[in-house]
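Comments concern the structure below.
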Amino acid sequence: MNVTDLGFIKGFIRMAADGYARGWHERNGGNLTYRLKKSEADEARWCFDTKAQWVSLGAKIPELADEIFLVTGSGKFFRNIEPFPSENIGVCELDQSGGSYRILWGLDNDSKPTSEFLSHLMNHAAKKRAKGDSYRVIYHCHPTNLIALSFLLPLDEKTFTRELWEMITECAIVFPDGVGVMPWEVCGGRDIAEKSAALMDKYDVIVWAHHGIFCAGEDFDLTFGLADTIEKAAEIRLKIMSANAKTLQTITPDNFKELAKAFGVDLAERFL
Ligand code: 2HA
Ligand code: ZN
């Protein structure tokens, strides 16, 4: 068996390739991490290098002690993940304190996990606290239309949520909690990691103004589908703005209430 035949590695590579094909990963833009299930870790154990050196994370995340992650590499291009997986992605394990990691597989030639590793781990920890073991994927990408909208709309959660919900009927069903919004901020550091993680308690999507989005989900399909839905809604919003004509009708707060009832979703009514 090849490492790349493992189901979780295949799913990860396919999602990375799909994100690249969508145009959300110019150069080394974006990063993806997946928290392995115990059964997946057991299935992959034969390929792990358990003599690798521990490296400090610079922070302690005790909730994630002993957890294993599949991650994209720092400075790596999504475009190269599918043809050259072991150079561009890797499996990393956290130690018993949740303060250090070591590379069990991949990230060849002294590569390191993504520059947003700390953000990803803090977001995984936030989701684990809020949702138990169901959430597995954290995804950061640079979707064109959503980034454009962050120049045009006020940077508040109510405006972003409503503008996106109104674009396609299904949006309110796909992200009934709405979207979190953060103003522009330096990326790659602890500050942005902590602020994002604080919002991940409430949201599955966070907009980083003039930069991109951070998404969380239960599996690759749901997380990619969430980013795809958000970006499509942003594209429609932008097309409407570009048409430069008055909008004649939209989905109203009463419509949203009907929708929530019909689909049994718990819609964040503070956005209506
Ligand atoms: O380089 O997108 O936010 C990866 C990034 C950092
Ligand atoms: Zn980015």
Task: Close side-chain approach of Val3 to Ser86, heavy-atom, < 4.5 Å - done: no
- [ ] Identify the heavy atoms of Ala197 and Ala126 that sit nearest to each other, and give their distance.
- [x] O-CB, 3.5 Å
- [ ] Group every Ile, Leu, Val, Met, Phe, Trp and Tyr by side-chain heavy-atom contacts under 4.5 Å, then state whether Ile213 and Val186 land in the same group.
- [x] no
Open item on the list: Side chains of Asn31 and Thr72 only: does a donor on one sit below 3.5 Å from an acceptor on the other?
Closed with: no
Task: Single-linkage hydrophobic cluster Leu155~Ile147, side-chain heavy atoms < 4.5 angstrom - done: no
TODO: Sorted by first residue and then second, give each salt bridge (charged side-chain N to carboxylate O under 4.0 Å, His left out) pair with at least one member in residues 19-28; sequence neighbours left out.
DONE: Arg22-Asp228
Task: Point-to-point distance, once rounded to the nearest 0.5 Å, from CG of Leu149 to CD of Glu231 - done: 8.5 Å
Task: Closest contact, heavy atoms only, Ile13 versus Thr4 - done: CD1-CG2, 4.1 Å
- [ ] Could you tell me whether Arg79 atom CZ has more than 12 heavy atoms of other residues or ligands within 6.0 Å of it?
- [x] no
Task: Heavy-atom pair with the smallest gap, counting every atom of Asp5 and Lys10 - done: O-CE, 3.8 Å
Open item on the list: Counting C-beta onward and ignoring hydrogens, is there a side-chain heavy-atom pair between Met122 and Glu194 closer than 4.5 Å?
Closed with: yes
Task: Closest contact, heavy atoms only, Glu157 versus Gly180 - done: OE2-CA, 3.6 Å
Task: Tyr34 side chain to Glu40 side chain, donor-acceptor N/O pair below 3.5 angstrom - done: yes
Open item on the list: Quick check against the 3.5 Å criterion: does Thr247 have a side-chain atom that pairs as donor or acceptor with the backbone of Gln249?
Closed with: no
Task: Atom pair NE2 (His211) and SG (Cys141), whose distance is rounded to the nearest 0.5 Å - done: 9.5 Å
Open item on the list: One pair to check against side-chain contact (heavy atoms from CB on, under 4.5 Å): Leu107 and Ser74. What are the steps and the verdict?
Closed with: CA-CA 9 Å; Leu107 292 174; Ser74 176; over 6 Å; no
Under 3.5 Å, sequence neighbours excluded: what are the donor-acceptor pairs made by side chains of residues 253-272?
{"residue": "Asn255", "atom": "OD1", "partner": "Thr252", "partner atom": "N", "Å": "2.9"}
{"residue": "Asn255", "atom": "OD1", "partner": "Thr252", "partner atom": "OG1", "Å": "3.1"}
{"residue": "Arg270", "atom": "NH2", "partner": "Tyr203", "partner atom": "OH", "Å": "3.1"}

TODO: Please confirm whether the backbone N or O of Asp108 pairs with a side-chain atom of Ser111, one donor and one acceptor, at under 3.5 Å?
DONE: yes
Task: Asp204 side chain near Tyr135 side chain, heavy-atom distance below 4.5 Å - done: yes
Open item on the list: I'd like to know whether Asn145 forms a side-chain contact (heavy atoms from CB on, under 4.5 Å) with Lys239, so could you lay out the CA-CA distance, the side-chain angles of the two residues, the decisive distance to 0.1 Å, and finally the verdict.
Closed with: CA-CA 9 Å; Asn145 295 287; Lys239 280 188 198 294; over 6 Å; no
Task: Min side-chain heavy-atom separation Arg35-Lys128 under 4.5 Å - done: yes
Open item on the list: Tell me whether Ser115 contacts the main-chain N or O of Gly188 through its side chain, where contact means a donor paired with an acceptor under 3.5 Å.
Closed with: no
Task: Exercise: do Ser196 and Trp208 side chains pair donor with acceptor under 3.5 Å - done: yes
TODO: Please report the shortest heavy-atom distance between Ile168 and Ile251, naming the atom on each side.
DONE: C-CD1, 4.2 Å
Task: Nearest-0.5 Å distance that lies between atom CG in Asp201 and atom NZ in Lys131 - done: 10.0 Å
Task: Same apolar cluster: Leu153 and Ile206, side chain cutoff 4.5 Å - done: yes
Task: Joint hydrophobic cluster, Met15 plus Leu6, side-chain heavy atoms closer than 4.5 Å - done: yes
Open item on the list: Heavy-atom count check: over 12 atoms from other residues, nucleotides or ligands less than 6.0 Å from Lys112 NZ?
Closed with: no
Task: Validation row: Met182, Ile192 side chains within 4.5 angstrom (heavy atoms) - done: yes
Open item on the list: Within the 3.5 Å criterion, strictly below it, is a donor on Asp42 or Ser39 matched to an acceptor on the partner's side chain?
Closed with: no
TODO: For the residue pair His140 and His120, confirm or rule out a side-chain donor-acceptor distance under 3.5 Å.
DONE: no
- [ ] Just do the side-chain contact (heavy atoms from CB on, under 4.5 Å) check on Asp219 and Leu222 with the steps written out, would you?
- [x] CA-CA 6 Å; Asp219 59 27; Leu222 291 171; 3.3 Å; yes
Open item on the list: Please determine whether side-chain contact (heavy atoms from CB on, under 4.5 Å) holds for the pair Ile89 and Val71, giving the CA-CA distance in whole Å, both sets of side-chain angles, and the decisive distance to 0.1 Å.
Closed with: CA-CA 6 Å; Ile89 64 175; Val71 307; over 6 Å; no
TODO: Please list all pairs passing the ring-ring contact (aromatic ring centres under 6.0 Å, His included) test where one or both residues lie in residues 59-90, with sequence neighbours left out.
DONE: His25-Phe78, Phe69-His124
Task: Any side-chain heavy-atom pair of Val137 and Glu218 under 4.5 Å - done: no
Open item on the list: A side-chain contact here means heavy atoms from C-beta on lying under 4.5 Å apart; do Leu64 and Tyr101 qualify?
Closed with: no
- [ ] Say whether Phe151 and Val179 are linked into one hydrophobic cluster, either directly or through other cluster members, by side-chain heavy-atom distances under 4.5 angstrom.
- [x] no
TODO: Determine whether Ile103 and Val91 make a side-chain contact, defined as any pair of heavy atoms from C-beta on separated by less than 4.5 Å.
DONE: no
- [ ] Looking only at non-hydrogen atoms, find the nearest pair between Arg136 and Leu36 and report the distance.
- [x] NH1-O, 3.0 Å
TODO: Please report the C-alpha distance between Trp24 and Phe224 in whole Å, then the side-chain angles of each, then the deciding distance to 0.1 Å, and finally whether the ring pair (Phe, Tyr, Trp, His ring centres under 6.0 Å) criterion is met.
DONE: CA-CA 11 Å; Trp24 303 341; Phe224 189 79; 5.4 Å; yes
Task: Spacing of CE belonging to Met200 relative to SG belonging to Cys215, to within rounding of 0.5 Å - done: 7.0 Å
Task: Salt-bridge criterion met for Arg237 and Glu166 (N-O under 4.0 Å) - done: no
- [ ] Any chance you could measure Leu32, atom CG, to Ile81, atom CD1, to the nearest 0.5 Å?
- [x] 7.0 Å
TODO: Supply the atom-to-atom distance Asp95 CG to Glu67 CD, rounded to the nearest 0.5 angstrom.
DONE: 12.5 Å
